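Both backbone and side-chain heavy atoms feed into the values below; hydrogens, waters and symmetry mates do not. Note that the structure is a prediction, hence the values are computed from the model and not measured.
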Amino acid sequence: MSHRRRSLSLVALAGMLGLTLSTPAGAEPRDVGRDISRDTLAADDGWAAADGGTTGGSTADAAHVLTVRNRSELVRALDGGSDTPKIIRIAGTIDANTGDDGEKLDCDDYATGGYELKKYLAAYDPRSWGSARPSGPQEEARQASAAKQAERIELAVGSHTTIVGLKGAVLKGASLQLRGSDHVIIRNLELRDAYDCFPVWQPNTGGLGDWKTAYDNIWLRGSTHVWIDHVTISDQGHPDEDEPTYFGRNHLRHDGLLDITNASDLVTVSWSRFADHDKGLLIGNGDTATGDRGRLRVTLHHNQFENVVQRAPRVRFGQVHLYNNRYVVPADAHDYRYALGISTESAVYAENNAFTTPGHVEAADLVKSWNGTALHQTGTLFNGYPVDLLAIHNAYNSGSERDLTADVGWTPTLHQKIDSAVRADREVARGAGAGRLR
Ligand code: CA
């Protein structure tokens, strides 16, 4: 059994233990002793607290407080991403890959135009096709098939929206998409397996290409005042490591867990668990996206990154405050790459984060820079010992990376109490993720 499944079953078990205490049989499922639907972000809780704070759908009238139990009800409640203040409470497990009649859809149900993976692989094998971008009947059929899946699983979340999970709520297979949305709160929800049925082959002239997948579990584009709290996001059900290799590359099925791009701004991500995934959190998706300059201000605190191969987070342009996070790399994580990706004009201010890794993952592996110039870090704990990630990066960098300075040009002011890394490591292990709100 893979480590991915093993670690997730522990998450699930801990969640169940925390959840079964106070719900009488037959009562409305409820995760915590109070209704969190109208909560707003605390006045000092990270970047999303700036410029008036983050209120989500807290002002919704009674007609726009909806409990949803299936995809159709969820889609109706989201109202096409409208700006009407709304509170959506998710009950039970909702699978986005579901037809309007409630029938479960699989990849074959979306395939159209004669698309077949076997034919796609035959058509674009680099040994015969070369390194041009795929084009022609199979690529056209792939695109048409992908569009059918996207129409099902991409769910627009508009401004003034709060989405909360009730006890044990799970949203499977969905990509929640915030596009130009202002004031959104997502809390106490487990999101799983935004599985792409139709990855595209992207050749790379002169080198190996790669499989490119479409869906992030949550994607913020041009969105502001967003608070994501006590969510759990993973590939549970479909680990990419179980996918076959085609054209010498792992046939990936997942993109990011949470991507924040296109001049999004003022985001706080707290007490969440990101697990069992390759590309975790991307903040800024292009070195030439200069519209991101002065934006992409994000606070990440008290989150757990467990068995995340890379991007925890990778940052371009943004001022990112990263404090009291817990990183766990499992013993058999042989594909591990890095945690902190320091890219173009990024200004990451990292305080009191704790890393636990197996022997083959060293402190020098935790930071990677591409075109970045600075990283502020203090109070880092590595397998229980204090380390200076900046000094280690500069001492051990491969030569292709430039040395980083400690001056990121800003000092965070909007934050709650910053604990020691020792304490944060313990508290996050106990309290982060869906089902663990107190
Ligand atoms: Ca993405």
Side-chain angles (χ1 to χ4, degrees), residues 46-48 50 220-222 256 258-269 274 279-301 303 305 308-325 327 336-355 357 361-382 386-415 418 421:
W47 271 121
L220 278 55
R221 272 175 289 183
L258 166 61
D259 283 6
I260 301 171
T261 68
N262 300 75
S264 291
D265 200 19
L266 307 180
V267 177
T268 297
V269 181
F274 300 94
K279 303 180 181 78
L281 271 72
L282 183 64
I283 301 175
N285 61 357
D287 294 326
T288 58
T290 51
D292 288 345
R293 210 170 262 159
R295 316 277 290 181
L296 299 178
R297 290 174 293 179
V298 178
T299 300
L300 299 168
H301 74 86
N303 301 293
F305 297 92
V308 173
V309 174
Q310 57 182 320
R311 302 186 182 173
R314 178 175 177 177
V315 182
R316 296 180 176 95
F317 297 104
Q319 293 181 340
V320 173
H321 190 198
L322 184 73
Y323 73 90
N324 284 164
N325 297 284
Y327 294 80
Y336 185 77
R337 293 190 60 194
Y338 66 90
L340 310 184
I342 306 301
S343 297
T344 306
E345 295 183 35
S346 64
V348 174
Y349 198 103
E351 295 180 273
N352 299 11
N353 299 291
F355 296 83
T357 77
V361 175
E362 298 171 20
D365 299 327
L366 300 178
V367 174
K368 186 163 172 51
S369 65
W370 299 259
N371 208 25
T373 58
L375 166 66
H376 172 98
Q377 74 82 51
T378 51
T380 308
L381 213 56
F382 179 71
V387 293
D388 181 340
L389 291 178
L390 188 66
I392 290 171
H393 174 273
N394 291 343
Y396 288 90
N397 85 44
S398 63
S400 61
E401 300 179 24
R402 72 173 90 169
D403 282 1
L404 301 173
T405 73
D407 181 9
V408 293
W410 74 294
T411 305
T413 55
L414 281 169
H415 58 81
I418 298 177

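- Taking OG1 from Thr380 and CG from Leu389, the interatomic distance works out to 4.0 Å, rounded to the nearest 0.5 Å.
- Of the possible polar contacts, one joining the Asn394 side chain to the Leu404 backbone as a donor-acceptor pair under 3.5 Å is found.
- How far OG of Ser346 is from CG of Leu296: 10.5 Å, rounded to the nearest 0.5 Å.
- Taking the ring-ring contact (aromatic ring centres under 6.0 Å, His included) definition, one finds that Tyr327 meets it with Phe305, Phe355, sequence neighbours left out.
- Between Asn262 and Asn285 there is a side-chain heavy-atom pair separated by less than 4.5 Å.
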_Checking Ile342 against Val315 for the side-chain contact (heavy atoms from CB on, under 4.5 Å) test, could you report, in this order, the C-alpha distance in whole Å, the side-chain angles of both residues, the deciding distance, and whether it holds?_
CA-CA 6 Å; Ile342 306 301; Val315 182; 5.9 Å; no
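- Remark: side-chain polar atoms of Asp365 are not paired, donor with acceptor, to backbone N or O of Ala363 under 3.5 angstrom.
- The one candidate from Tyr349, Trp410, Tyr323 that meets the ring pair (Phe, Tyr, Trp, His ring centres under 6.0 Å) condition with His376 is Tyr349.
- A search for ring-ring contact (aromatic ring centres under 6.0 Å, His included) contacts involving Phe382 returns nothing, not counting sequence neighbours.
- Atom NE2 of His415 and atom CG of Asn324 lie 10.5 Å apart (nearest 0.5 Å).
- Looking at Asn353 and Asn325, their side chains do bring a donor and an acceptor atom within 3.5 Å of each other.
- One distance of note links OG1 of Thr378 with CG of Asp388; it measures 9.5 Å at 0.5 Å rounding.
- With contacts defined as side-chain heavy-atom distances shorter than 4.5 Å, the pair Val320/Ile283 qualifies.
- Interatomic distance, CG of Leu282 versus CG of Leu258, reported as 9.5 Å (0.5 Å rounding).
- Every pair passing side-chain hydrogen bond (donor to acceptor under 3.5 Å, both in side chains) that includes a residue from residues 309-322 is listed here, sequence neighbours excluded: Asp278-Gln310, Asp287-Arg316, Gln310-Arg337, Arg314-Ser343, His321-Glu351.
- A side-chain donor-acceptor contact under 3.5 Å links Thr268 to the backbone of Ala48.
- With rounding to the nearest 0.5 angstrom, the CG atom of Asp259 is 9.0 Å from the CG atom of Leu220.
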*Would His301 and Ile418 satisfy side-chain contact (heavy atoms from CB on, under 4.5 Å), going step by step from the backbone distance to the final call?*
CA-CA 9 Å; His301 74 86; Ile418 298 177; over 6 Å; no
